[in-house]
Amino acid sequence: MLLAPLAHVSREVAETSARSRKISLLAGLFRTAGPEDVPIVIPYLAGRLPQGRIGVGWNALKDPPPPADRATLTVHRVDATFTTLAAVAGRGAQGERRRLVQELLGAATDEEQRFLVGLISGEVRQGALDAVAVEALAETSGARAAAVRRAVMLAGSLQQVAERLLAEGPRVLEEFLLTVGRPVLPMLAQSATSVAEAIGRLGECAVEEKLDGIRVQVHRDGPTVRIFTRTLDDITDRLPEVTAIALELPGDRFVLDGEVIALDAEGRPRPFQEIASRVGSRMDVRSAAAAVPLSPVFFDVLAAGGEDLLELPCAERHEALTLLVPEPMRVRRIVVTSAAREGGRAAEAFLRDTLARGHEGVVIKALDTPYSAGRRGAGWLKVKPVHTLDLVVLAAEWGHGRRTGRLSNLHLGARRQDGSFAMLGKTFKGLTDQMLEWQTERLRELAVRDDGFTVTVRPELVVEIAYDGLQRSSRYPAGVTLRFARVVRYREDKSATEADTVETVLAAHGRDVAERG
DNA sequence: TTCCGACAGTGGGGTCGCAAT
DNA sequence: ATTGCGACCCCACTATCGGAA
């Protein structure tokens, strides 16, 4: 298959905003692709290289040679070049890499060059990722979209499904079953602003602790245990204690869903950063495990006795979980079935207790919904407390993509006693298009410097920021930074001298930071 | 006709581990 | 020894399309 139609379709997909048009464009492309092209075409369309990083940056892409007149490049030729580049990546062969890239670009037409540069630099943004590709595959193959989506969730990979579907036809979808040992995309939760709102949306529900750790999917098939992350990476080797626990459970073919956290001597959860550091350590797992032992806490079961439980209602899956996992290793929960007011009170009390115990919040789950693998299902709603601060905008960065030409990413500062400001972090979240436009205008009036990337401003504009808590930071002067900061609104009624101070911020989380820092 | 679920996009901070300096 | 960078962890929020109500 030639690269030209791929590059052309990619541009067309990017230029239309209609999902239906994107789908039919991709479907047309899939129709002309041979089965051997699929492993390359699918990742390219999502802007990914199958080879991962190939050690090529902006430097090697600069000053491309004049484009070719005729389209002769095949996707396989491109793929082979990337494989060669990946093989010499990180071996100091910068000249050789640049030569290979320039040779590739020289063989490409204008449209192909633009696609390749986007692909290599990770800038392919055409508004079509896996979900659109799934619809297109369904259209091409005559399969139902829901069946394709289901197969992708169970296979944990669009590519595998695409290859077999296009080669063998829709019937092959029946062969994608939940298999112990092969990871499934996990179900995710939506957000709710309060317990009352969540219960109002769900009715009868379970209220569970939300633990701030690393999501794990634990598969045991007889003596073999495999542990996967949310993105289905295999981290079995890094969690020996979890493997040992899985081998002691009273079942020998199961799939569990849970979270690993770390507890201190008093049984309180240790900060996320420590857990991430532990789970991220691959070099000396033994000593890392001795320093920060991990505790798995399970909240769902996807298979037991080798049998697929995904379609069972939440309540029945929990029954199965209790048979498999003893109490201390199950997430704490209550079931709310009584009239809304009583239930609401019990749920509120459970949330308060959970927070007092040092956890992140609660997840409220409808009792009757199946496990929606790979979806952000409406059956699970998370509720976390939100803190807010009034901070001062110190600078803003020029946005990318659809925010090009707008000042987007805000640098946030808290007041110091001497009148200066300590930067606490950045945010680009929560801004509507209108706010982006307004702040671009306003910040330009306050600008004192623009280096083309960041616009520094007089610290006068006050903005209300929501955030989830503080975490330690070696980057910012106060030694802390905001976790998940987002803009709520501008406070034009406030002057910078009325903004929150560093002391206020630290005091609000004093115990946390002191104990954890 | 309006409403709402699902998606894609736009990036945040931290950590590890490798490669370059 | 440092520094830079990619790959993963955690993640919030808005705009948009298109099917559901």
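Since this is a predicted model, take the numbers as computed values, not measurements.
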Over how many whole Å does the gap from [X] atom [atom1] to [N] atom [atom2] extend?
X        : N      : atom1 : atom2 : result
A/Ile465 : B/dG11 : CD1   : P     : 16 Å
A/Arg238 : C/dC8  : CZ    : C1'   : 8 Å
A/Asp233 : C/dC8  : CG    : P     : 5 Å
A/Gln471 : B/dG14 : CD    : P     : 6 Å
A/Lys426 : B/dG11 : NZ    : C1'   : 10 Å
A/Glu397 : B/dT10 : CD    : P     : 15 Å
A/Gln273 : B/dG12 : CD    : C1'   : 13 Å
A/Leu129 : B/dA8  : CG    : P     : 5 Å

Q) Which residue, A/Gly401 or A/Ser281, contacts DNA chain B at a nucleotide closer to its 5' end, judged by nearest heavy atom? A)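 Its nearest nucleotide lies further toward 5', so the answer is A/Gly401.
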
Q: By nearest nucleotide on DNA chain B, pick out whichever of A/Arg282 and A/Thr427 is the more 5' one.
A: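 Result of the comparison: A/Thr427.
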
If you look only at distance, which donor and acceptor atoms sit under 3.5 Å apart when one is on a side chain in residues 194-204 of chain A and the other is two or more places apart or in another chain?
unit_1	atom_1	unit_2	atom_2	d
A/Ser194	OG	A/Glu197	N	3.0
A/Glu197	OE1	A/Thr193	N	2.9
A/Glu197	OE1	A/Thr193	OG1	2.5
A/Glu197	OE2	A/Arg201	NH1	3.0
A/Arg201	NH2	A/Gln190	OE1	3.0

Q: Any side-chain hydrogen bond (donor to acceptor under 3.5 Å, both in side chains) involving residues 425-438 of chain A? Give me the pairs, sequence neighbours left out, ordered by first then second residue.
A: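 Residue pairs passing side-chain hydrogen bond (donor to acceptor under 3.5 Å, both in side chains), neighbours aside: A/Glu397-A/Lys426, A/Arg402-A/Asp433.
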
Please tell me if [X] has a side-chain N or O lying less than 4.0 Å from either OP1 or OP2 of [N].
X        : N      : answer
A/His400 : B/dG9  : no
A/Arg483 : C/dC11 : no
A/Asn409 : B/dT10 : no
A/Arg475 : B/dG14 : yes

Q: Output the distance between atom CD (A/Glu135) and atom OG (A/Ser24), rounded to the nearest 0.5 Å.
A: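 The CD atom of A/Glu135 sits 11.5 Å away from the OG atom of A/Ser24.
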
Q: Could you tell me the separation between the CG atom of A/Leu6 and the CG atom of A/Leu116, rounded to the nearest 0.5 Å?
A: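 That separation rounds to 9.0 Å.
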
(Q) Quick check on salt bridge (Lys or Arg N to Asp or Glu O under 4.0 Å): which of A/Lys365, A/Arg230, A/Arg215 does A/Asp257 satisfy it with? (A)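 Passing option: A/Arg215.
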
Q. Given A/Glu209, which of A/Arg357, A/Arg333, A/Arg330 fulfils the salt bridge (Lys or Arg N to Asp or Glu O under 4.0 Å) condition?
A.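 For A/Glu209, the salt bridge (Lys or Arg N to Asp or Glu O under 4.0 Å) test succeeds with only one of A/Arg357, A/Arg333, A/Arg330, which is A/Arg357.
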
Compare the minimum distances between each of [options] and the side chain of [X], then state the nucleotide with the smallest one.
X        : options                : result
A/Ile214 : C/dC10, B/dT15, B/dG14 : C/dC10
A/Tyr476 : B/dG13, C/dC9, B/dC7   : B/dG13
A/Thr231 : C/dC9, B/dG13, B/dG12  : C/dC9
A/Arg215 : C/dC10, B/dG14, B/dG9  : C/dC10

Q: Could you check if a side-chain atom of A/Arg375 sits within less than 4.5 angstrom of a side-chain atom of A/Met187, using non-hydrogen atoms only?
A: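 With C-beta onward as the side chain, the pair stays apart.
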
Contact class for [X] vs. all strands (heavy atom < 4.0 Å): base, sugar-phosphate, or nothing?
X        : result
A/Ala276 : nothing
A/Glu135 : nothing
A/Gln126 : sugar-phosphate

Q: List the protein contact pattern of nucleotides 12-20 of chain C with one symbol per nucleotide (5' to 3'): B for base contact, S for sugar-phosphate-only contact, - for none; contact means a heavy-atom distance under 4.0 Å.
A: BSSS-SS--

Q | Complement of C/dC13, any strand, by Watson-Crick or G-U distances under 3.5 angstrom | A |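 For C/dC13, the partner nucleotide comes out as B/dG9, under the 3.5 Å rule.
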
Q.
Between A/Asp212 and A/Arg483 (salt bridge meaning N to carboxylate O under 4.0 Å), is one present in this structure?
A.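 Salt bridge present between A/Asp212 and A/Arg483.
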
